[in-house]
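Could you have a look at this structure, given as structure tokens, before my questions?
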Amino acid sequence: MDVSTVLHDLNEAQREAVAAPTGNMLVLAGAGSGKTRVLVHRIAWYIETDQAMPYGILAVTFTNKAAAEMRGRIEVLLKKPAGGMWVGTFHGIANRLLRAHWQEAGLPESFQIMDNDDQYRTVKRVIRALELDETKYSPRELQWFINAQKDEGLRPQHINTSGDPEKAVLVRVYQAYQTLCDRGGMVDFAELLLRAHELFRDQKQILANYQSRFRHILVDEFQDTNALQYAWLRLLAGNGGSLFAVGDDDQSIYSWRGAQVENMMQFQRNFVDATLIRLEQNYRSTANILKAANTLIANNPSRLGKELWTDGEAGEKIDLYNAYNEHDESRFVIDRISLSRMKGDPYCHHAILYRTGAQSRIMEEALMHAGIPYKVFGGMRFYERAEIKDALAYLRLSVFNEDDSSFERIINTPVRGIGQRTLDELRERAKRENISLWQSALQILQDKTLPERALNALERFLKLILEMGVGIRDIHLGEAMERVVKTSGLIDHYRKEKGEKGQARIENLDELITAASEFDVSREEYSDMEPMAAFLGHAALESGETQAEAYTDFVSLMTLHAAKGLEFEDVYLVGLEEGLFPHQRSSNDPVQLEEERRLCYVGITRARKKLTITHAQHRRLHGSDYYPQASRFLAELPANVITEVRLGNHPAQVLSRKEQTSNMTSSSNGMNLGQRVVHAKFGEGVIITLEGQGNHARVQVNFEQAGRKWLVMAYANLQTAG
DNA sequence: TATCCGACCTTTTTT
DNA sequence: AGGTCGGATA
């Protein structure tokens, strides 16, 4: 292939980035500016100009999907497989490193990867073992705490509790959790990164080897990197390497899970020779859509700065519809989609994007009612399903008896008469003797410290696992999986579950057997792993992308977060209301508010041809009524690219009588939702929530001056106003 | 020991 | 409103 092919079809800024001399570079790539294209072409450029072999290139992404796409596009461009090149997620690459250097990393050879759910259960076990009050120390929060520490690269001993007894407890849980993980050879997601970082930091020889191998490192979505990922990259890049980082600070929407946009600013300080290139020409959206996006995001004070432009058409204006309520909103959206479809646009050109997952239901109902095919993205993934995790736990336990978390998961699934008493005894002894649950069970069987019944049940369980494990490492993965599913009793167990759910679970178990038989252990990235470890790692790290079946036409429904990186002809951005978007929990903090705005920016820039925004005057949420104000983001959009949609027939007339009456009903106190009231101290406001009856009735009022207050009707002495 | 009921909570999600 | 989780109950 000719080098010119690599530079062909690129704009000036893209070409500059692709053909820049080897060195550190930060590419500020706006939405739709050909970010992946630049990454892929940069790699091809290295190879075609003989600056690098595929063997010397490392490309890192955040999702498996992005990694797969990148690899695919590179191979298309090079017209050959890119053997020897590492393309993967941070976690996938960390896993690969740790499998190859498990000894130096201080891990057992076949360490297990825990997913979120495994981690949650383990944290919970630790809290119980430490006899802490679960209501005071919630497992969720502790899990979050532990991950936040790891994301910062902190081990328990590094954390300064500075005499804070509360924090000391958190650290104690972290410590106990880590001890438990280490004993069972369990590695959580953050631990993968932490160990990979420590490996490079502490093993100079290993680091030197990889530094001399990967002279060319490329990172996608750089704005999403956390402290640890960036530190790891810096170690690997060292002084002589070249780090090509592509990102967009305006699309940083994951700070709440540790991503640090500051890494982009930091990059230029850490790599003083680094060049900065901006990709601002947009190939996706119309000029009107870009104008809206640019104007909105300009309200964020802390940006690197960038303005998208296109040489394409202005396009249609953005439609804005103020719905009567959420049903009217969904009806409006679905009517529009039907109309568009009649004009010849397939359903798959349409996406409905929302802030919170709870908003999908109303849309789904309306779509179902209208008989429009749709798909909700971002539900439970294949390998996260209970039945799949059960089967994998059997597999793990049969291979590695000491795996406590698998033991806990399946000891009584299906129910086999092993109850709380037995479990307590098992845990108690395991803790006392500092042994695994399996060993604890063996001892109990020997000492007969439980009633006959329980002992029998326990013995049957151990025998089952032992028999299951005979020679299981030596047979094909598919056969192993089949044996596990067939002998575990899971099929019968799930057959008893009523409804279609049980049937679906059994089908999933069948699919798991298929997945195991078809799993390709010969892939290059698994070269340092045993087949079983490779498969289990795959199950944890690639929890089964919710992939659309090919050749089917459907409307896509997803959260704004899930929409990042995607594009659609027609985008419906729904629920643009204060409290919902920006979300209540972000509205009080300027930093979080900026992130909400970036989220809105992401949403707007998903649209190619047409953007429609909706908000409702009245919305039922978590069982109570809200009369939200329009989102502040609407006021930040330029008026000259917006068309306010007024329907010929007023929405209220479309409502059924039942809906009208239910919405008009006033409470027993003569107060209505949305009613303006006066309070002696707080002044004027609007009732936004009504709860309870008579003397117990409480209202939430949004006061113009004093903000939101909860008041008890019996004491508040509210007067109606306006 | 298994099942049922009610209290509680409710942003975003990848690995 | 709807799902989850833990405790109470049969």
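Every chain is numbered from 1, with letters handed out A, B, ... down the list of sequences. Note that the structure is predicted; figures quoted are calculated from it, not measured.
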Check every strand shown and say whether A:F90 touches a base, only sugar-phosphate, or nothing at a heavy-atom separation below 4.0 Å. nothing
Return the set of residues passing ring pair (Phe, Tyr, Trp, His ring centres under 6.0 Å) with A:H615 (not counting sequence neighbours), or none when no residue passes.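 Ring pair (Phe, Tyr, Trp, His ring centres under 6.0 Å) list for A:H615, sorted by chain: empty.
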Plane angle bin for A:H618 and A:Y627 - parallel if under 30°, tilted between 30 and 60°, otherwise perpendicular: parallel
In terms of the angle between their ring planes, are A:W256 and A:H561 parallel, tilted or perpendicular, with boundaries placed at 30° and 60°?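 Perpendicular, since the angle between the ring planes exceeds 60°.
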Write down the distance between CG (A:L536) and C1' (B:dT15), rounded to a whole number of angstrom. 16 Å
Report the residue (A:H622 or A:A562) whose heavy-atom-nearest nucleotide on DNA chain B is the more 5′ of the two. A:H622
Verify the contact: side-chain N or O of A:T559 to OP1 or OP2 of B:dT13, cut-off strictly under 4.0 Å; return yes or no. yes
Closest to the A:R381 side chain: B:dT12, B:dT14, C:dG2?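 For the A:R381 side chain, the nearest candidate turns out to be B:dT14.
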Listed pairs, N/O of protein and of nucleotides 3-5 of chain C, under 3.5 Å:
none

Among the nucleotides B:dT15, C:dG2, B:dT10, which one has an atom lying closest to any side-chain atom of A:L541? B:dT15
Checking the side chain of A:Q251 only, and the main-chain atoms of A:R598 only, is there a donor and an acceptor separated by less than 3.5 Å? no
Under the side-chain hydrogen bond (donor to acceptor under 3.5 Å, both in side chains) rule, collect the residues that match up with A:R427, sequence neighbours excluded.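 A:R427 satisfies side-chain hydrogen bond (donor to acceptor under 3.5 Å, both in side chains) with A:E408 only.
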Taking only residues two or more places apart in sequence or in another chain, which ones pass ring pair (Phe, Tyr, Trp, His ring centres under 6.0 Å) with A:F407? A:F461
Length of the line joining A:D220:CG and B:dT14:P, which is rounded to integer Å: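 For the pair A:D220 CG and B:dT14 P, the rounded distance is 16 Å.
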To the nearest Å, give me how far apart CD1 (A:I253) and P (B:dT12) are.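 Computing the A:I253:CD1 to B:dT12:P distance gives 13 Å.
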Mind checking salt bridge (Lys or Arg N to Asp or Glu O under 4.0 Å) for A:D249 and listing every partner two or more places apart, or none if nothing turns up?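 A:D249 satisfies salt bridge (Lys or Arg N to Asp or Glu O under 4.0 Å) with no residue once adjacent residues are dropped.
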Taking CG from A:L621 and P from B:dC9, how many angstroms apart are they, rounded to a whole number?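 From A:L621 CG to B:dC9 P: 17 Å.
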Kindly say if A:N116 contacts the phosphate of B:dT14, meaning a side-chain N or O under 4.0 Å from OP1 or OP2.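 For B:dT14, OP1/OP2 do not have a side-chain N/O of A:N116 under 4.0 Å.
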Between A:T422 and B:dT1, is there a contact of a side-chain N or O with OP1 or OP2 at under 4.0 Å?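 Looking at the OP1 and OP2 atoms of B:dT1, one of them is under 4.0 Å from a side-chain N or O of A:T422.
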What nucleotide among B:dT15, B:dT13, B:dA2 has an atom nearest to a side-chain atom of A:W256?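 Nearest listed nucleotide: B:dT13.
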Does the B:dT15 base have a donor-acceptor partner in the side chain of A:D115 within less than 3.5 Å?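 It does not, because no donor-acceptor pair links the side chain of A:D115 to the base of B:dT15 below 3.5 Å.
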Could you check how far CG of A:D188 sits from P of B:dT14, rounded to whole Å?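 Rounded to whole Å, this separation is 18 Å.
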Determine: side-chain N/O of A:N412 to OP1/OP2 of B:dA2, distance under 4.0 Å, yes or no.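 Result: yes.
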Of the listed nucleotides B:dT10, B:dT15, B:dT13, the one nearest the side chain of A:R257: B:dT13
Output all residues satisfying side chain to side chain contact (heavy atoms under 4.5 Å, CB included) with A:R361, sequence neighbours left out; order by chain, then residue number.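 In terms of side chain to side chain contact (heavy atoms under 4.5 Å, CB included), with neighbours along the sequence ignored, A:R361 is linked to A:E365.
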Nearest-Å distance, NE2 (A:H561) to C1' (B:dT15)? 16 Å
What is the distance, rounded to the nearest whole Å, between atom NZ of A:K496 and atom C1' of B:dA2?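 Distance check: A:K496 NZ to B:dA2 C1' gives 12 Å.
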Result for 5'-nearest mapping on DNA chain B, choosing between A:Q420 and A:A540, is A:Q420
For the pair made of CZ in A:F62 and P in B:dT15, what is the distance, rounded to whole Å?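 The answer, rounded to whole Å, is 11 Å.
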